[in-house]
Amino acid sequence: MELRRMETHDLPAVMAILHQAQAYFKAQGIDQWQDGYPDEATLLQDIQNGTAYVAEQDKMIAGCATVAFTPDENYTTMVSGQWLTDRPYAVIHRIAVDEQLKGQGIAGWILAQAEQMCSQRDVLSIKIDTHQDNASMRRLLEKHNYQLCGVIQLHRDLSLRVAYEKRLEE
């Protein structure tokens, strides 16, 4: 498996995976990504910013994520709770895995790859958020030692998200 930067020719495969995730959330009664987000324009912006990645397995796209090393405006204030640190951090957004490959540890592998990226940049913290009802993502984060810090409010649509942080080894 390889984590590489997403390119525009990857958009159809990545959008198919994101549509699978949207359908899964809808079937589970989770009000996440039900408003058309993330859309192709969002991914194109991530590609332009150099923050969009795909997990490629046997020349097929198995999953995707955004990993950024710039502060996230949604993380400047919390509705409740407190971040573990106030040091520079990476942020992970939009992790999704092809539904036919779920259960194979790909999302956890993506988290581990993000940690390696942090290590290469001397960044010692990762922050991430998810929908309160997204139990599978919350379990994944807790399994990988992310700590629940509180609740943030997204500027995009004012919805609330549970926020996690992981301190990396110094």
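These numbers come from the heavy atoms of this one structure, side chains and all, not from hydrogens, waters or symmetry mates. Numbers for residues simply follow the sequence, beginning at 1.
More than 12 heavy atoms of other residues, nucleotides or ligands sit less than 6.0 Å from atom CE of M1. Heavy atoms from other residues, nucleotides or ligands lying under 6.0 Å from CD of Q28 number more than 12. Dense packing is recorded around CD of E142, with more than 12 heavy atoms of other residues, nucleotides or ligands lying under 6.0 Å away.
Taking 4.5 Å as the limit, every side-chain heavy atom of I126 sits out of range of all side-chain heavy atoms of E165. When side chains are defined from C-beta on, E40 counts as touching L11, because their heavy atoms get closer than 4.5 Å. Looking at heavy atoms from C-beta onward, I128 lies out of side-chain contact with V91 at the 4.5 angstrom threshold.
The side-chain tip of K166 does not point at the ring of Y89 from less than 6.0 angstrom away and within 45° of straight on. At least one test fails for K127 against the ring of Y75: distance under 6.0 Å to the centre or angle within 45° of the axis.
Among all heavy-atom pairs drawn from I17 and D98, the shortest one is CG2-N, 3.9 Å. Minimum heavy-atom separation, L168 to V123: CD1-O, 3.6 Å. The shortest heavy-atom contact between V97 and A107 is CG2-N, 3.9 Å. Nearest approach of R156 to D35, heavy atoms of both residues: NH1-OD2, 3.1 Å. Closest non-hydrogen pair, P88 versus S125, comes out as O-CB, 3.9 Å. Between L3 and A55 the shortest heavy-atom distance is CD1-N, 4.0 Å.
To the nearest 0.5 Å, the span separating NE2 on H131 from CZ on R161 amounts to 5.0 Å. Note that CG of L101 and CD1 of I61 are 11.5 Å apart. Values are rounded to the nearest 0.5 Å. To the nearest 0.5 Å, the span separating OG1 on T8 from CG on L44 amounts to 7.5 Å. Rounding to the nearest 0.5 angstrom, the gap separating the NE2 atom in H144 from the OH atom in Y164 is 13.0 Å. Atom CE of M78 is separated from atom CG of D129 by 9.0 Å, given to the nearest 0.5 angstrom. Taking SG of C64 as the reference point, atom CE of M6 lies at 5.5 Å (rounded to 0.5 Å).
Taking 4.0 Å as the cut-off between side-chain N and carboxylate O, D10 and R5 do not count as a salt-bridged pair. Ionic pairing of R138 and D133 is not present here: no N-O contact between side-chain nitrogen and carboxylate oxygen is shorter than 4.0 angstrom.
Side-chain contact check for S159 and D157: at least one donor-acceptor pair (N or O, by modelled atom type) lies under 3.5 Å. One side chain, D72 or H93, offers a donor N or O that lies under 3.5 Å from an acceptor on the other. Using modelled atom types, one finds a donor on one side chain and an acceptor on the other under 3.5 Å when comparing S136 with N134.
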Do R167 and T85 pass the side-chain contact (heavy atoms from CB on, under 4.5 Å) test, and can you show the C-alpha distance, the side-chain angles, and the key distance before you say yes or no?
CA-CA 8 Å; R167 283 186 262 213; T85 70; 3.6 Å; yes
Is there a side-chain contact (heavy atoms from CB on, under 4.5 Å) between L111 and Y146? Walk through the geometry before answering.
CA-CA 10 Å; L111 291 176; Y146 284 75; 3.8 Å; yes
Checking side-chain contact (heavy atoms from CB on, under 4.5 Å) for the pair L124/C118: CA distance, chi angles, key distance, verdict?
CA-CA 7 Å; L124 300 174; C118 287; over 6 Å; no
Working for side-chain contact (heavy atoms from CB on, under 4.5 Å), residues Y53 and I47:
CA-CA 8 Å; Y53 292 87; I47 291 169; over 6 Å; no
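Between the side chain of Q57 and the backbone N or O of A62 there is no donor-acceptor pair closer than 3.5 Å. Without hydrogens or angle criteria, Q22 side chain to Y37 main chain gives a donor-acceptor distance under 3.5 Å. In terms of modelled atom types and a separation under 3.5 Å, the side chain of Q153 and the main chain of L160 share no donor-acceptor contact.
Criterion: ILVMFWY side-chain heavy atoms under 4.5 Å apart, direct or through other members. Under it, M60 and L18 are not part of a common hydrophobic cluster.
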